[in-house]
Amino acid sequence: MKAEDIRDWDDTEIQARLKELKEEQFKLRFQGSMMELENPSIVKTIRRDIARLNTVLRERELAQNG
C-alpha cells in the first residue's frame, strides 16, 4: 500500500481500511504472544500501513484548517 494510492481514496474508505488493519493487528499480536505467528514481519507491515493511513488523514485535516 502506497501513500499515493491512499490519497485517491475518500475518507470513508480510509476509515474502513484503518479499522480492518487495527483488528488484524490485534489478532496478530495475540498470535505472537501465543507463539503461533508464522510470519512476524507482517506485524511491521501492518503497523506501517496504519501509519500511512493516519498520515493521509492528518494531511487532509491540516489542508482543511489552513
Side-chain angles (χ1 to χ4, degrees):
M1 181 180 323
K2 294 188 176 190
E4 297 168 359
D5 299 333
I6 297 169
R7 287 186 181 101
D8 295 335
W9 300 352
D10 62 352
D11 288 345
T12 55
E13 283 182 282
I14 293 174
Q15 292 291 346
R17 184 68 178 142
L18 191 59
K19 183 179 177 184
E20 290 173 13
L21 286 174
K22 286 185 178 185
E23 289 175 6
E24 184 68 22
Q25 184 182 33
F26 176 78
K27 291 176 186 175
L28 290 173
R29 282 185 180 171
F30 187 74
Q31 287 178 357
S33 68
M34 302 298 284
M35 303 302 258
E36 297 176 356
L37 193 57
E38 293 179 17
N39 186 3
S41 65
I42 197 164
V43 176
K44 180 179 178 181
T45 305
I46 288 177
R47 187 178 70 236
R48 289 185 177 186
D49 287 344
I50 290 171
R52 282 188 193 99
L53 291 169
N54 284 327
T55 300
V56 171
L57 286 174
R58 180 68 177 151
E59 286 173 352
R60 290 181 182 180
E61 181 182 325
L62 291 174
Q64 287 178 351
N65 292 337

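Atoms considered below: every heavy atom in the structure, side chains included; atoms not considered: hydrogens, waters and symmetry mates.
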Worksheet item: Is any side-chain N of the basic residue among D5 and K2 closer than 4.0 Å to the acidic one's carboxylate O?
Response: no
Worksheet entry | R48 vs M1 side-chain heavy atoms within contact, under 4.5 Å | no
Practice prompt. May I ask you to decide if E61's main-chain N or O and Q64's side chain share a donor-acceptor pair within less than 3.5 Å?
Written response: no
Discussion item. Are the side chains of F26 and L21 in contact, using a 4.5 Å heavy-atom criterion?
Written reply: no
Practice prompt. Tell me, with the steps shown, if Q15 and L57 meet side chain to side chain contact (heavy atoms under 4.5 Å, CB included).
Written response: CA-CA 9 Å; Q15 292 291 346; L57 286 174; 3.4 Å; yes
Worksheet item: What about L28 and F30, same hydrophobic cluster or not, with Ile/Leu/Val/Met/Phe/Trp/Tyr joined at side-chain heavy-atom distances under 4.5 Å?
Response: no
Worksheet item: Taking atom CD1 of I14 and atom CG of L18, what is their separation to the nearest 0.5 Å?
Response: 9.0 Å
Fill in: Heavy-atom closest contact (R60 atom, D11 atom, distance)
NH1-OD1, 2.6 Å
Worksheet entry | Cationic N near anionic O, under 4.0 Å, R17 to E20 | yes
Worksheet item: Does any non-hydrogen side-chain atom of D49 lie less than 4.5 Å from one of I6?
Response: no
Discussion item. If the threshold is 4.0 Å, N to carboxylate O, is there a salt bridge linking E24 and K27?
Written reply: no
